[in-house]
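Along the sequence shown, residues carry numbers from 1. We count ligands from 1, going down the list as the structure has it; atoms in each ligand are counted the same way. What you see is a predicted model, and the numbers here were worked out from it, not measured in a lab.
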Amino acid sequence: MDAAETRTPHTRTASYEAEPSEVGRVLLLYSGGLDTSVMLKWIQDEYEAEVVALTINLGQPGEDYDVVKGKATQLGAVAAEVVDAREEFAGDFVVPAIKANAIYGLGYPLFTALGRPLIAKLAVEYARKHGCDTIAHGCTGKGNDQVRIEATVATLAPELKVIAPVRGWQMGREEEIEYARKNGIPIKGGAERTPYSIDDNLWGRSSEGRWIEDLDHAPDDDVFQLVTRPELAPDEPRTVELGFEGGVPVSLDGERLGLVELIERVGQLGIEHGVGIVDHIEDRIVGLKVRDIYEVPAATILLQAHAELERLVGTIHENQFKPQLDRQWAYLVYAGLWWEPLRGHLDAYMDSVNESVTGTVGIKLFKGHARTVTRSSPNAVYDAALATFETSGGLFSQQASPGFIEIWSLQSRMAQRVREGNGG
Ligand code: ARG
């Protein structure tokens, strides 16, 4: 197949979309997988452009970056860069998510949604460094990731253009494999079986496609490539103690660790004990409703521990209010608006609340469950002497309670009377 046969005629819809004539040097966000490998070659043919490949390490397990880099060079990239962005991802993206207890749609801890704005920001940096005029990515036209990447590029670098070949080319998986064969592109994992569509990083892993699209189909075992299936998890529970300072996780079982290592080690314990499997129906920002299988061991444990500690140090009013902002934060980030000023304002609130989120939480891991069993904080709004069922002396006046109840229930009592009067 010629490049010309694989492209749909396209007129620009958005200001940042590239006209073919403007494309001279392209920064390609390169994963080493089939789509972006085909793309690396296809862009050179289709646009007669040079390609710089950029691969970003966000802590996705089991990736050999030397191999990815070698493949990019072999396919004709004029430069191939690999960036280890794990520290920045953990510190500037995962930590704010922890402070905001970030979960979208009751189950998704946003690992992909947190990664994309960083990936796109780095694409802008490296595009400028290499004198590229255009950024290319491998997202389809049906997902959230195109929104996150293109919104970031358009916001941070109005001078750069974007191309998203998968959105326009007429190739399905079969045609891509044929194109790869013709062009000497090695296919990782063979071409026989359609794989799940995977995305992963330090904070979690998602699988989409195949039977997952059949809502009636319970998960096949082979989808779980990260977390141990709970039925195979050890018979002995394991309790982990997580330490936080100012809302940031700092220790595991009393040992102080850097963020990346801490997240990895907590994740590993979750993996062993079958913790963090989520079967999620999700409302995408582009309107589609889809199903994702998530494996999010580190996020499950750390988010639970953080939320637990935050509730312990917060007042009833803080604890009633913050979940509303947490939800708004998660929605904004899910929806690709990482650079929206509202997120900055929300983060200021999150930081303020989290100043007192210091202490430890013990979580017991057992066959897929994570249950909080201990909490401790110097800032706990808790006094055992006040809460006890034993007599609390003069600290809490039970004699004052009837007065409180009378006034607290005043409007409810008045309304009840009015209704009874109207009804009768
Ligand atoms: N549904 C999740 C999200 O929208 C995960 C997407 C995974 N991305 C992918 N390209 N497979 O963030």
Sub-6.0 Å ring centroid separation between Phe93 and Phe111: no
Residue and atom name of the nearest protein heavy atom (relative to atom 12 (O) of ligand 1), distance in Å to one decimal: Tyr108 OH, 2.5 Å
Basic-acidic side-chain contact under 4.0 Å: Arg210, Glu213: no
Note: Asp145-Arg284 ion pair, threshold 4.0 Å (strictly below): no
Proximal ligand 1 atoms for Asn144, defined as those under 4.0 Å from one of its heavy atoms: 3 (C), 4 (O)
Per-atom contacts of ligand 1 with Asp199, taking only distances under 4.0 Å to non-hydrogen atoms: 7 (C), 8 (N), 9 (C), 11 (N)
Protein heavy-atom partner closest to atom 7 (C) of ligand 1 - residue, atom, separation in Å: Ser206 OG, 3.4 Å
Polar proximity ligand 1 side, Glu282 side, N/O cut 3.5 Å exclusive: yes
Close approach of Ser197 to ligand 1, heavy atoms, under 4.0 angstrom: yes
Asp292 neighbourhood, listing ligand 1 atoms whose heavy-atom distance to it stays under 4.0 Å: 1 (N), 5 (C)
Residue Arg148 vicinity, atoms of ligand 1 by number, heavy atom under 4.0 Å: 3 (C), 4 (O), 12 (O)
Interfacing atoms of ligand 1 (cut-off 4.0 Å, heavy-atom, Arg116): 10 (N)
Which residue and heavy atom of the protein sit nearest atom 9 (C) of ligand 1, plus the separation: Asp145 OD2, 3.5 Å
For Tyr294, atoms of ligand 1 separated by under 4.0 Å from a heavy atom: 1 (N), 2 (C), 5 (C)
Any Asp221 side-chain heavy atom under 4.5 Å of Arg229 side chain: yes
Under 3.5 Å: donor-acceptor pair, side chain of Glu272, backbone of Leu269: no
